[in-house]
Visitor: 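Mind having a look at this structure? Questions to follow.
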Amino acid sequence: MSTLLPESFYLSKDVLHIAKSLIGKVINTNIEGKFTSGMIVETEAYRAPDDKACHAYNNRLTNRTKVMFEKGGIAYIYLCYGIHHLFNVVTADAGLAHAILIRGIEPLDGISTMCDRRRKSKIDYSLTSGPGTASLALGITSKLSGISITKTNSPIYLTDYKTFHKERIFASPRVGIDYAEECAKWPWRFRLKESPWTSKPN
DNA sequence: ATAATGATTCGCT
DNA sequence: GCGAATCATTATG
């Protein structure tokens with residue numbers, strides 16, 4: 001059996017370290033009576049105040065970003081391009097706006113439910129690769145932003161699963177953040193090497 | 001109160 | 001490869 005990731009997991013280390021550690025962990029969702037889960041294969045770290053790509057750059061505090069300033073172990077979910085609900089894990093102590101975007105998962109349980117939500121008749125590699133589609137397949141919406149992810153009775157929680165050697169985790173620049181100038185080059189995107197469930201290489 | 005925009009995806013070429 | 005879809009969030013008046 002896999003064990004629940006405790007709150008201390010999100011507080012003990014730097015967000016970059018935790019982003020790497022999340023590769024191989026499992027995200028479980030229990031939403032609208034349906035249980036789904038998948039192994040995380042791709043993440044990106046966002047770290048205020050000096051990361052221009054982070055919504056909370058320079059500790060900008062708004063109604064949306066305030067969730068990131070809370071203590072680690074909760075979900076930060078927001079709508080992008082008016083269509084996609086992107087799921088992030090908040091880390092670090094209260095006052096530090098650090099978060100990790102989940103960009104890709106490998107489906108494990110509830111695959112038929114995920115296909116329904118994605119309006120696909122059968123499973124393929126596009127089912128959960130990419131932050132918007134992964135959230136959709138798992139049933140995650142922005143209404144759930146701010147909830148705890150460290151309780152098994154929560155609609156979203158993470159569990160331990162596999163540990164990969166660091167040689168199998170590939171770091172590269174983040175995508176979709178050209179506006180962030182020099183920060184756009186920082187290798188804060190982490191992928192499981194040779195996993196077909198990640199979005200394509202940069 | 002209003003207007004601009006984006007941590008994306010999908011369908012067409 | 002390119003562009004549209006589509007709306008909460010944000011900054012500004």
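Just so it is clear, the structure is predicted and the values come from calculations on it, not from any experiment. Numbers restart at 1 for each chain; the letters A, B, ... are given by sequence-line order, proteins then strands.
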Visitor: Nearest to the side chain of A:Cys80, heavy atoms from C-beta on, is which of C:dT10, B:dA7, B:dC10?
Guide: B:dA7
Visitor: Separation of A:Leu101 atom CG from B:dT9 atom P, in whole Å?
Guide: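 Result: 9 Å.
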Visitor: Using only heavy-atom distances, determine whether the side chains of A:Ser2 and A:Lys25 contain a donor-acceptor pair under 3.5 Å.
Guide: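 The answer is no; no qualifying pair exists.
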Visitor: With A:Glu42, which of A:Arg189, A:Lys193, A:Arg174 fulfils salt bridge (charged side-chain N to carboxylate O under 4.0 Å, His left out)?
Guide: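 Filter result, single survivor: A:Arg189.
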Visitor: Does a side-chain N or O of A:Arg103 approach OP1 or OP2 of B:dT8 to a distance below 4.0 Å, or not?
Guide: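 Answer yes for this pair, as a side-chain N or O of A:Arg103 is under 4.0 Å from OP1 or OP2.
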Visitor: Verify the ring-centre separation between A:His55 and A:Tyr78: is it less than 6.0 angstrom?
Guide: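 For A:Tyr78 and A:His55, the ring centres are under 6.0 Å apart.
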Visitor: Please figure out whether A:Ser142 or A:Ile83 has its closest DNA chain C nucleotide nearer the 5' end.
Guide: A:Ile83
Visitor: Looking at A:Thr62, I'd like to know whether one of its side-chain N or O atoms comes within less than 4.0 Å of OP1 or OP2 on C:dT9.
Guide: no
Visitor: For the pair made of CD1 in A:Ile140 and P in B:dA7, what is the distance, rounded to whole Å?
Guide: 19 Å
Visitor: Nearest to the side chain of A:Pro131, heavy atoms from C-beta on, is which of B:dT9, B:dA7, C:dC7?
Guide: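 Of all the options, the side chain of A:Pro131 is nearest to B:dT9.
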Visitor: Identify whether any heavy atom of A:Arg60 sits under 4.0 Å from a base atom; if not, whether one sits that close to sugar-phosphate; answer base, sugar-phosphate or nothing.
Guide: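 Sugar-phosphate contact only - A:Arg60 comes under 4.0 Å of backbone atoms but never of a base.
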Visitor: Take atom OH of A:Tyr81 and atom P of C:dA8, then tell me their distance rounded to the nearest Å.
Guide: 17 Å
Visitor: If you look at every strand shown and take non-hydrogen atoms under 4.0 Å, does A:Leu79 touch a base, only sugar-phosphate, or nothing?
Guide: sugar-phosphate
Visitor: Rounded to whole Å, please give me the gap between CG in A:Leu136 and P in B:dC10.
Guide: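 Result: 9 Å.
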Visitor: So which nucleotide does B:dA7 pair with, by the Watson-Crick or G-U wobble rule with both distances under 3.5 Å?
Guide: none
Visitor: Heavy-atom count check: over 12 atoms from other residues, nucleotides or ligands less than 6.0 Å from A:Phe170 CZ?
Guide: no
Visitor: Could you state the CG-C1' distance from A:Asp178 to B:dT8, rounded to the nearest angstrom?
Guide: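 Taking CG of A:Asp178 and C1' of B:dT8, I get 13 Å after rounding.
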Visitor: Toward the 5' end of DNA chain B, which comes first, A:Tyr179 or A:Arg118, by nearest nucleotide?
Guide: A:Tyr179
Visitor: In whole Å, I'd like the distance from the CD atom of A:Glu44 to the P atom of B:dA7.
Guide: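 Going from A:Glu44 (CD) to B:dA7 (P), I get 11 Å.
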Visitor: For the pair A:Arg168 and A:Glu194, find out whether any cationic side-chain nitrogen is under 4.0 Å from an anionic carboxylate oxygen.
Guide: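 Looking at A:Glu194 together with A:Arg168, the answer is no, because their closest N to O distance does not fall below 4.0 Å.
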Visitor: Does A:Arg64 put a side-chain nitrogen or oxygen below 4.0 Å from OP1 or OP2 of C:dT10?
Guide: yes
Visitor: Separation of A:Lys120 atom NZ from B:dG11 atom P, in whole Å?
Guide: 8 Å
Visitor: Tell me which nucleotide among B:dT8, B:dA7, C:dA5 gets nearest to the side chain of A:His84.
Guide: B:dT8
Visitor: Report yes or no: is the ring centroid of A:Tyr78 under 5.5 Å from the six-membered base ring centroid of C:dA8, with the two planes under 30 degrees?
Guide: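 By the stated criterion, A:Tyr78 and C:dA8 do not stack.
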Visitor: Base, sugar-phosphate, or nothing: which does A:Ile177 touch, judged by heavy atoms less than 4.0 Å apart?
Guide: sugar-phosphate
Visitor: From the options A:Thr150, A:Val26, A:Ile18, A:Leu158, select the one residue that forms a side chain to side chain contact (heavy atoms under 4.5 Å, CB included) with A:Leu5.
Guide: A:Leu158
Visitor: Write down the distance between OH (A:Tyr57) and P (B:dG6), rounded to a whole number of angstrom.
Guide: 16 Å
Visitor: OP1, OP2 of B:dA7 versus side-chain N and O of A:His55: anything below 4.0 Å?
Guide: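 A:His55 to B:dA7 OP1/OP2: side-chain N or O found under 4.0 Å.
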Visitor: Mind checking if A:Thr133 touches a base, just sugar-phosphate, or nothing, with heavy atoms under 4.0 Å?
Guide: sugar-phosphate
Visitor: Watson-Crick or G-U wobble partner for C:dT6, using a 3.5 Å limit on both distances?
Guide: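 Result: none.
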